[in-house]
Each structure stands twice: as C-alpha cells, then as structure tokens.
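Since the structure comes first, as structure tokens, the remarks are kept for the end.
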Amino acid sequence: FPAALCQDVFITPLFSWYNTDFDLEDPIPTDRYFFDRYCKWPMDKHNELWRFMLYLNKHFLEAPCPGTVITFSHFLPRRELPFWAHVAGLVKSVGCPQLDEQVRQAQSSCH
C-alpha cells in the first residue's frame with residue numbers, strides 16, 4: 001500500500017470506521033441501532049476506534065505517489081455522498097467526516 005495499478009496510477013486503501021459526527025442532527029453515540037453487532041473491538045467503538053483506524057493510514061499517506069491517486073474506504077468521507085438516509089439510524093454508522101481530510105491529503109482524484 002499504496003499500490004501502482006499501472007504507470008502513474010496508484011490505488012491507496014484507507015482504513016476507517018464510522019463515527020457519529022457524520023450525523024449533523026444528532027451526533028451523540030447510541031447503542032439503539034445494531035449495524036455492527038458482531039464486531040468486537042478492544043477499545044471504545046464510539047470514541048477511539050475511528051481515531052485508531054485513521055492513525056493506521058498515517059504511514060501510507062506519507063508514501064510518494066507520483067501520478068493519479070485513487071483512494072477507497074469502507075465508510076463515506078463526506079455527508080453529501082449518497083447513502084440510504086431513510087434507514088433509521090444509518091447516518092450514525094456510514095461515515096467518518098475526518099476521513100475526508102486524509103482523502104485530500106492523499107491528493108486523491110477519485111474516492
């Protein structure tokens with residue numbers, strides 16, 4: 001990571017986890033919804049996990065990628081990207097707004 005796909009094109013996967021800051025109307029964590037009930041972590045999933053995942057990207061973001069960079073992650077970096085907003089509670093578990101800073105730091109052409 002990052003990996004060269006072809007000449008001057010690199011793909012950079014970014015670790016991420018959601019946080020409730022993505023929910024602009026109610027950014028308070030809750031256990032009311034169980035989108036990740038089978039995930040077990042040795043740290044607090046609401047306040048520590050997303051920070052840890054972003055920290056894992058630090059080394060990869062420092063790697064030189066001369067050319068076009070394509071990033072991807074499991075979670076959305078920006079609220080204006082499409083997701084099923086009609087699903088109750090989903091907004092709390094689909095994105096990490098702090099990830100957008102790393103996408104920009106990677107100078108990604110596409111995420």
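None of these values were measured; they are calculated from a predicted model. Along the sequence shown, the residues carry numbers beginning at 1. Values below: all heavy atoms of this structure, side chains included; hydrogens, waters and symmetry mates excluded.
The shortest side-chain heavy-atom distance between H111 and P77 falls under the 4.5 Å cut-off. At least one side-chain heavy atom of P66 sits less than 4.5 Å from a side-chain heavy atom of F10. Contact annotation: the side chain of I70 never approaches that of T12 to less than 4.5 Å [non-hydrogen atoms, C-beta and beyond].
One hydrophobic cluster, built from ILVMFWY side chains closer than 4.5 Å, holds both L90 and Y33.
The OG1 atom of T71 sits 11.5 Å away from the CD atom of Q107 when rounded to the nearest 0.5 Å. The SG atom of C96 lies 9.5 Å from the CZ atom of R51; values are rounded to the nearest 0.5 Å.
For E62, the CD atom is densely surrounded, since the number of other residues' heavy atoms within 6.0 Å is greater than 12. More than 12 heavy atoms of other residues, nucleotides or ligands shown are found within 6.0 angstrom of CD on E48. In the displayed structure, E80 atom CD is contacted under 6.0 Å by more than 12 heavy atoms of other residues, nucleotides or ligands.
Judged by distance alone, with hydrogens and angles left aside, the side-chain atoms of K40 form a donor-acceptor pair with the main-chain N or O of R37 at under 3.5 Å.
Residue pairs meeting the salt bridge (Lys or Arg N to Asp or Glu O under 4.0 Å) criterion with at least one member in residues 2-23, sequence neighbours excluded: D23-K92.
For H46 and T20, the side-chain atoms include no donor-acceptor pair closer than 3.5 Å.
Contact detail for L76 and P82: the closest heavy-atom pair is CD1-O, 3.9 Å. Residues P27 and L24 approach most closely at CD-O, 4.1 Å, considering heavy atoms. Considering all non-hydrogen atoms of both residues, S109 and T68 come closest at OG-CG2, 3.6 Å.
The hydrophobic cluster around F75 extends to F1, L14, F15, W17, Y18, W41, M43, L49, W50, F52, M53, L54, L56, F60, L61, L99, V103, counting ILVMFWY residues whose side-chain heavy atoms fall within less than 4.5 Å of a member.
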